[in-house]
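Down below is the structure, laid out as structure tokens.
Note that this is a predicted model, so its numbers are computed, not measured.
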Amino acid sequence: AHNGDLTARETCKTGFSEEDYTVLISENILEGEKLLKVSFSSCLGTKGTQYETNSMDFKVRADGTVFATRELRIPSEQVAFTVTARDGRTAQRWDAVVRLLVARPSPARSAHKPQKGKQSASLDASQPPNDTLLPWPQHRSASGLRRQKRDWVIPPINVPENSRGPFPQQLVRIRSDKDNDIPIRYSITGVGADQPPMEVFSIDSMSGRMYVTRPMDREERASYHLRAHAVDMNGNKVENPIDLYIYVIDMNDNRPEFVNQVYNGSVDEGSKPGTYVMTVTANDADDSTTANGMVRYRIVTQSPQSPSQNMFTINSETGDIVTVAAGLDREKVQQYTVIVQATDMEGNLNYGLSNTATAIITVTDVNDNPPEFTASTYAGEVPENQVEVVVANLTVMDRDQPHSPNWNAFYRIISGDPSGHFSIRTDPVTNEGMVTVVKAVDYELNRAFMLTVMVSNQAPLASGIQMSFQSTAGVTISVMDVNEAPYFPSNHKLIRLEEGVPTGTVLTTFSAVDPDRFMQQAVRYSKLSDPANWLHINATNGQVTTAAVLDRESLYIKNNVYEATFLAADNGIPPASGTGTLQIYLIDINDNAPELLPKEAQICEKPSLNAINITAADADVDPNIGPYVFELPFVPAAVRRNWTITRLNGDYAQLSLRILYLEAGMYDVPIIVTDSGNPPLSNTSIIKVKVCPCDENGDCTTVGAVAAAGLGTSAIVAILICIVILLSMVLLFVVWMKRREKERHTKQLLIDPEDDVRDNILKYDEEGGGEEDQDYDLSQLQQPEAMEHVLSKAPGVRRVDERPVGAEPQYPVRPVVPHPGDIGDFITEGLRAADNDPTAPPYDSLLVFDYEGSGSTAGSVSSLNSSSSGDQDYDYLNDWGPRFKKLADMYGGGED
């Protein structure tokens, strides 16, 4: 393969396949009609190859197709021009001559004799389907015959689209000159023959006549490239394949189609003529190089036709819509609707096809109308000392588009408010200006304000538009006097004094000021917060005095400062009040004696290196605290005899044993501590010292600690004995519980006869009568008739709703020592006895509960009535307690 490639490169030759191309054409040539295709080969590839001709009537496409640039009528029988191929990389040129021969009708049309050493082929697309012969090129050998210089050039076959047939319709006939010697079979291959779309073209294999089988559509496919083959009856190639180019001639069968049916554009109001608005685009599926696909635009209608019926125009070729007249005013016309028509055939309304679209042109607003106040002056009033209050609403009128930057109003105060008490905010809905108080005003300082305000738009005015005189207005604001609260000029007020001043001492005068200078009002003072209740304030003049002794060490003091809050209220309508805070800084005096620390300690019974470090705590502050003086009292004398104090520094000292041995135990050691105040204060504090035996490390032993606590050996032994006894009792209790649990699990299934309750009838909830009815006879309820009456009844006759009277059968008694095997016999015997027991409930009959019987021993109650006409005395009901109070009120109250 490598050697083959090398040979191919060595034999490669750049240039046209022919030096001279000859083509038979019709007398009339349409614009864009394809005539032939030249073949150019380059060893470096055809990329970068450019074609050109020396004729303005013919051009060459990049694929080598030669076509007419305009509609032509060939005046003579031959036209010749030169096709040049230029290599853009090397600037080399190659030329070839193209000759166009006009085909004339002739009876000897099938002869096709070569002229001047050149062979020619012809195709007239408009002729009737007679035989158009495309002979194969003749290749003569070198055996004395003249060598042919070049191959045949087969002209393109032009087929009009949308042909009505009949089909198949003959196009050309292909013939080889060898068919005089041997039978030849013809075939075609390529797209449209044996490749999709299949069978668009067919060929008679014997005669070589090629047909088109159905109407063509150039918009579906514009050209076909087929190859014609000639073989003998055995399938052997007789001729080399030739190329057939079939071009579908375009017909005007497609209307222009707009990309959008509705176009939206905009233009500023007041725009000058010639201002671009929008572009509409229509596409035609026909050939754009012919008049069939050349679209032209025009405006059909404009609505509304104000201020002119021709406010816009359109570029017929590009579709650009521009303004053509002045006078666009959004305040008069906000939108235009323009109907645009696109027509092919270069806009020829008689032959071309048309389509329409709608262009909606919105006139956009520009700020050509300044805002104007609806009034020249405005007025409002505001109470003093209030903020965020709307004083006045300023209304304006603007004819520009609402809620746009050209309409949105912006207000500012030009003069009359040097302190910045007011601000004007814009209502986003109504566009009104709301004059708002942003800094409280004082009636005593300003009783009225005269403001000058100006309004403008958020967007600047358009070029050439001036501000209106009505864009400025005046605003008069009156300030209303209100009762203001008194205030303390010095708040918080701080005073300094020593703690411990006596009760009734005057500290300061904490007075308030009433800002209402034009109102005659009195101010009274009271306490609002005094945590320790140490102060008193005069209600009329605000003089503060002490009501108790001030103590700096109190819990109410924070950082030496005591705070109290006072209230000052006037008598206005309505009353107003203000608060003030008084801070009292208390200077410390030496009024607290020091306290010894620690309160308890331990030490070895023999002198050693260990000692007790002691210090002191004082509630006062410097200089009324340390350095401290620690000393032992002279009484009792044993203290100085047994103990000694060694000073370490100003705040610490050490307490240690003075003697060689001190018996273990607890000792209360008094120590006198004195601070450094002026005058100094002393305090005698007791420290509990535990003296105990120590080990070699100087630490108290366990036995020594107990001994030091005051327990002797006998006490320790007694404690141990008690612990042993307690443990023994717990152990015995646990053993007893275990044994009881074991006996419970090993108990017999049957219980003792005396514990059996199944043969007994138990009565529950028998409450009996009250305190006065303890003696009652239930037999009157259970036996309505006398016992004798029942016993006198005949055998077998008895009441079915009462318990039978008579001897009850004897139930079997279980043996004292039961056996599990006797349980079944016992149950059977008990069941038999129960079945034969007439007294066993329930009695097998329907009970009649409302039967009272006869001969009842109970007395009749029919004589009782609720009449109060008798002389009955019900006063005893008052003695029965609160539950009978209601009855006592009804019956025991006498006649009333």
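The neighbour count for Met454 CE, taken as heavy atoms of other residues, nucleotides or ligands under 6.0 Å away, is above 12. More than 12 heavy atoms of other residues, nucleotides or ligands sit less than 6.0 Å from atom OH of Tyr276. Atom CG of Leu445 has more than 12 neighbouring heavy atoms from other residues, nucleotides or ligands inside a 6.0 Å radius. Atom CZ of Arg399 sits in a sparse spot, with 12 or fewer heavy atoms from other residues, nucleotides or ligands closer than 6.0 Å.
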Would Leu461 and Asp368 satisfy side-chain contact (heavy atoms from CB on, under 4.5 Å), going step by step from the backbone distance to the final call? CA-CA 6 Å; Leu461 290 175; Asp368 57 347; over 6 Å; no
For Met278 and Val267, what are the C-alpha separation, side-chain angles and deciding distance, and is it a side-chain contact (heavy atoms from CB on, under 4.5 Å)? CA-CA 9 Å; Met278 66 169 71; Val267 61; over 6 Å; no
Does the pair Glu484 and Asn385 meet the rule for a side-chain hydrogen bond (donor to acceptor under 3.5 Å, both in side chains), with working shown? CA-CA 8 Å; Glu484 300 177 75; Asn385 301 324; 2.7 Å; yes
Could you please spell out the steps behind the side-chain hydrogen bond (donor to acceptor under 3.5 Å, both in side chains) verdict for Gln521 and Asn483? CA-CA 10 Å; Gln521 299 179 149; Asn483 185 25; 3.2 Å; yes
Asp284 vs Arg255, side-chain contact (heavy atoms from CB on, under 4.5 Å): CA-CA, chis, key distance, verdict: CA-CA 6 Å; Asp284 196 315; Arg255 292 180 179 273; over 6 Å; no
As a quick check of understanding, evaluate side-chain contact (heavy atoms from CB on, under 4.5 Å) for Asp344 and Asn252, giving each step before the final call. CA-CA 8 Å; Asp344 58 15; Asn252 191 19; 2.8 Å; yes
Can you list the steps and then say if Thr343 with Ser354 is a side-chain hydrogen bond (donor to acceptor under 3.5 Å, both in side chains)? CA-CA 4 Å; Thr343 307; Ser354 301; 2.8 Å; yes
Assess the residue pair Phe312 and Tyr336 against the criterion (ring-ring contact (aromatic ring centres under 6.0 Å, His included)); give the C-alpha distance rounded to whole Å, side-chain angles, the decisive distance to 0.1 Å, and a yes or no. CA-CA 10 Å; Phe312 306 95; Tyr336 290 90; 5.4 Å; yes
Intermediate values then yes/no, side-chain hydrogen bond (donor to acceptor under 3.5 Å, both in side chains), Asn406 and Asn457: CA-CA 6 Å; Asn406 301 328; Asn457 289 126; over 6 Å; no
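The structure places OG1 of Thr301 at 11.5 Å from CD of Gln309, a figure rounded to the nearest 0.5 Å. Ser577 OG to Asp570 CG: the interatomic distance, rounded to the nearest 0.5 Å, is 8.0 Å. To the nearest 0.5 angstrom, Leu550 atom CG is 13.0 Å from Tyr556 atom OH. Between the CD atom in Glu384 and the CD atom in Gln386 there is a gap of 9.5 Å [rounded to 0.5 Å]. Within the model, atoms CZ of Arg496 and CG of Leu507 stand 14.5 Å from one another, a figure rounded to the nearest 0.5 Å. Atom OG1 of residue Thr508 and atom CD1 of residue Ile495 lie 5.5 Å apart, to the nearest 0.5 angstrom.
Listed here is the closest heavy atom pair of Ala616 and Val673: CB-CG1, 3.7 Å. Nearest approach of Thr290 to Glu31, heavy atoms of both residues: CG2-O, 3.5 Å. Of all non-hydrogen atoms in Thr581 and Phe510, the two that sit nearest each other are O-CZ, 3.7 Å. Residue Asn310 comes nearest to Ala325 through the heavy atom pair O-CB, 3.8 Å, listed as atom of the first residue, atom of the second, then distance. The shortest heavy-atom contact between Ala342 and Ala282 is CB-CB, 3.7 Å. Taking both residues in full, the closest heavy atoms of Phe67 and Gly32 are given as CB-O, 4.0 Å, listed atom of the first, atom of the second, then distance.
Between Ile314 and Val340 there is a side-chain heavy-atom pair separated by less than 4.5 Å. Between Asn254 and Leu353, every side-chain heavy-atom pair lies at or beyond the 4.5 Å cut-off. Put simply, the side chain of Asp365 reaches to within 4.5 Å of the side chain of Asp400, judged on heavy atoms. Taking the side chain as every heavy atom from C-beta outward, Trp407 and Gln401 never approach each other to under 4.5 Å. Asn369 places a side-chain heavy atom less than 4.5 Å from the side chain of Glu331. With a 4.5 Å cut-off on side-chain heavy atoms, Glu444 and Asp481 count as touching. Within the 4.5 Å cutoff, side-chain heavy atoms of Ile625 are placed close to those of Tyr628. Tyr585 places a side-chain heavy atom less than 4.5 Å from the side chain of Leu494.
A donor-acceptor pair shorter than 3.5 Å can be found between the side chains of Asp675 and Asn590. Looking only at atom types and distance, the side chain of Glu432 has no donor-acceptor partner in the side chain of Thr395 under 3.5 Å away. A donor-acceptor pair shorter than 3.5 Å cannot be found between the side chains of Asn355 and Gln341. A donor atom on one side chain and an acceptor atom on the other are found under 3.5 Å apart for Thr364 and Asp268. Remark: the Asn431 side chain and the Asn408 side chain contain no N/O donor-acceptor pair separated by less than 3.5 Å.
Asp287 contributes no side-chain N or O that, together with a main-chain N or O of Asp250, makes up a donor-acceptor pair within less than 3.5 Å. When atom types are taken as modelled, the side chain of Glu499 and the backbone of Leu586 share no donor-acceptor pair closer than 3.5 angstrom. In this structure, the side chain of Asn315 does not engage the main chain of Asp320 through any donor-acceptor pair within 3.5 Å. A donor-acceptor pair under 3.5 Å links the side-chain atoms of Thr426 to the main chain of Ala409, judged by distance alone. A donor-acceptor contact shorter than 3.5 Å is absent between the side chain of Lys493 and the backbone of Ile584. A donor-acceptor pair under 3.5 Å is absent between the side-chain atoms of Tyr487 and the main chain of Ser490, judged by distance alone. A donor-acceptor pair under 3.5 Å links the side-chain atoms of Gln302 to the main chain of Met311, judged by distance alone. Between the side chain of Asn367 and the backbone N or O of Pro460, at least one donor-acceptor pair lies under 3.5 Å. Of the possible donor and acceptor atoms, none in the side chain of Ser554 sits under 3.5 Å from a partner among the backbone N and O of Asp551. Looking only at distances, a side-chain donor or acceptor of Thr546 sits under 3.5 Å from a matching main-chain atom of Thr505.
Note on ring orientation: taking the six-membered ring where Trp is involved, the planes of Phe449 and Phe422 are perpendicular (angle over 60°, cut-offs 30° and 60°). Classification of the Tyr562-Trp534 ring pair by plane angle, with boundaries at 30° and 60°, yields tilted.
Between Ile361 and the options Thr337, Leu328, Val277, a side chain to side chain contact (heavy atoms under 4.5 Å, CB included) holds for only Val277.
Among pairs with a residue in residues 409-425, those fulfilling side-chain hydrogen bond (donor to acceptor under 3.5 Å, both in side chains) read Glu388-Arg425, Ser415-Thr452, at least two apart in sequence or across chains.
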